[in-house]
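See below for the structure under consideration.
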Number of protein chains: 2
Amino acid sequence: MPDLIHDGDSAAAVSSLRSAVMLLGRRLKHQRVDESLSPTEMSVLGTLARCGSATPGELARKEHVQPPSMTRIVALLEAKGLVRLEPHPDDRRQKMVSRTEQAEAMLAESRDKRNAWLANLAEGLDEDEWDTLRAAAPVLEKLAHL
Amino acid sequence: MPDLIHDGDSAAAVSSLRSAVMLLGRRLKHQRVDESLSPTEMSVLGTLARCGSATPGELARKEHVQPPSMTRIVALLEAKGLVRLEPHPDDRRQKMVSRTEQAEAMLAESRDKRNAWLANLAEGLDEDEWDTLRAAAPVLEKLAHL
DNA sequence: CGCTGGTATTTAGCATTGCTAATGAGTTAC
DNA sequence: GTAACTCATTAGCAATGCTAAATACCAGCG
């Protein structure tokens with residue numbers, strides 16, 4: 001396999017990419033639609049939006065959080081009316097957690113807010129730069145999921 | 001000014017960019033060289049690396065943290081031998097905080113580790129994809145600093 | 001069936017890290 | 001020279017993560 005990324009130029013690109021992604025990620029994280037939800041709670045709702053529904057244990061693994069922490073997060077989300085808890089069909093030890101319509105609306109609003117913030121920021125780029133980013137977006141997405 | 005980013009394609013690109021950056025940022029954040037340092041402590045050291053030295057108040061503003069929190073962070077960093085405290089030349093209320101050589105080494109190691117992690121991830125891309133990212137890196141960096 | 005071991009969740013208690021309010025020292029403007 | 005302001009700190013609180021232990025349940029084997 002050709003060792004694509006170990007020349008000097010590419011090392012610089014990796015470093016530049018790293019710092020840009022970290023900084024932009026931090027700034028995006030601060031754009032929150034609901035101050036009463038912690039980042040982890042938001043993240044759990046996002047996961048539920050992707051997966052439909054899951055047990056607390058599954059959620060804990062996906063969010064890299066310990067099961068007891070997830071228990072509390074789910075309890076808080078339920079108290080806020082953002083998730084529903086139902087008995088697991090096959091195993092009475094487990095529960096099924098799923099999001100409510102209210103959560104759905106909040107997630108959409110949140111995505112929209114962050115997209116708008118980023119789009120607004122991108123107004124500061126010229127046309128060529130924006131073309132470059134548009135081409136890079138799917139690649140970056142692939143990279144993030146590798 | 002031409003409204004570059006409000007067509008459908010660009011909206012999709014913004015959304016894709018947003019989610020990729022957030023996910024990649026989260027994953028990068030987990031690549032820590034020293035588990036005993038919190039992300040904020042690392043960030044303070046990074047700021048000191050960029051700025052040379054600063055007062056606790058300046059650091060608090062830059063890190064978007066309240067002054068009392070910065071007092072504790074600086075105290076912890078000092079206890080770990082990563083920063084030095086000196087009296088302010090002009091104002092005896094203030095102190096000057098600067099990093100030690102040990103902090104410098106740690107920062108370099110941390111950058112290297114995250115770069116290596118990202119470079120390793122990028123091995124999963126093909127040549128064209130990597131070219132695209134290399135072109136996008138400086139643009140992304142500009143965007144992050146806008 | 002009944003026991004033994006394993007898994008899912010929860011409870012209890014603790015550590016970390018942020019905050020606000022109040023204090024003390026030092027500076028600045030009138 | 002004093003009143004008002006600023007900087008750093010102390011004290012105490014809230015949020016959010018963790019580990020260890022408890023509870024409830026499932027699965028397999030005699």
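Reminder, nothing fancy here: chain letters follow the sequence lines and each chain counts from 1. All values derive from a computational prediction rather than experimental measurement.
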Problem set entry | Pair A:E86 + A:K95, salt bridge at N-O below 4.0 Å | no

Problem set entry | Check: A:R93 side chain, C:dT9 base, donor-acceptor under 3.5 Å | no

Exercise. Counting side-chain heavy atoms from C-beta on, which of D:dC25, C:dT9, D:dT10 comes nearest to B:T71?
Worked result: D:dT10

For this session: Mind calculating the distance between CG (A:L59) and C1' (C:dA8) to the nearest angstrom?
Result: 13 Å

Seminar exercise, completed: Against the side chain of B:R72, the closest entry in D:dT9, C:dG18, C:dG26 is C:dG18

Exercise. Got a salt bridge between B:R99 and B:E104, using NZ or NE/NH1/NH2 to carboxylate O under 4.0 Å?
Worked result: yes

Seminar exercise, completed: To the nearest angstrom, the CG-C1' distance between A:D91 and C:dA8 comes to 7 Å

For this session: Would you kindly compare A:S36 and B:G57 by the position of their nearest DNA chain D nucleotide and give the one closer to the 5′ end?
Result: B:G57

Exercise. Which whole-number value in Å describes the distance from B:K95 NZ to D:dC7 P?
Worked result: 15 Å

Seminar exercise, completed: From the candidates D:dC25, D:dA20, D:dT9, the one with an atom nearest any side-chain atom of B:P67 is D:dT9

Exercise. For A:T55 and C:dT9, is the shortest distance between a side-chain N/O and OP1 or OP2 below 4.0 Å?
Worked result: yes

Exercise. For the hydrophobic clusters of this structure (ILVMFWY residues joined by side-chain heavy atoms under 4.5 Å, transitively), does one cluster hold both A:W117 and A:L140?
Worked result: yes

Exercise. Is there a side-chain polar atom (N or O) of B:T40 under 4.0 Å from OP1 or OP2 of C:dT17?
Worked result: no

Exercise. In whole angstrom, what separates B:Q66's CD from C:dT20's P?
Worked result: 5 Å

For this session: Would you indicate, yes or no, if C:dT16 has its OP1 or OP2 atom less than 4.0 angstrom from a side-chain nitrogen or oxygen of B:S38?
Result: no

Problem set entry | Pairwise 5' ranking along DNA chain D for A:L76 and B:P68, keeping only the more 5' one | B:P68

For this session: Check the distance between D:dT16's P and A:E63's CD and give it to me in whole angstrom.
Result: 14 Å

For this session: Looking only at side-chain atoms of B:Q94, point me to the closest of D:dA20, D:dA11, D:dA8.
Result: D:dA8

Exercise. For D:dG17, does either OP1 or OP2 sit under 4.0 Å from a side-chain N or O belonging to A:S69?
Worked result: no

Seminar exercise, completed: A:E35 atom CD is separated from D:dT16 atom P, nearest whole Å, by 12 Å

Exercise. Once you round it to whole Å, what is the distance between C1' of C:dT10 and CD1 of A:I73?
Worked result: 14 Å

Exercise. When you measure from the side chain of A:R32 to the backbone N and O of A:L37, does any donor-acceptor pair fall under 3.5 Å?
Worked result: yes

For this session: Can you tell me the distance, in whole Å, between the CZ atom of A:R32 and the C1' atom of D:dA15?
Result: 11 Å

Exercise. Same hydrophobic cluster for B:L121 and B:L17, using side-chain heavy-atom links shorter than 4.5 Å among ILVMFWY?
Worked result: yes

Exercise. Which nucleotide in the set D:dA8, D:dC18, C:dG26 lies at the smallest distance from any side-chain heavy atom of A:V65?
Worked result: D:dC18

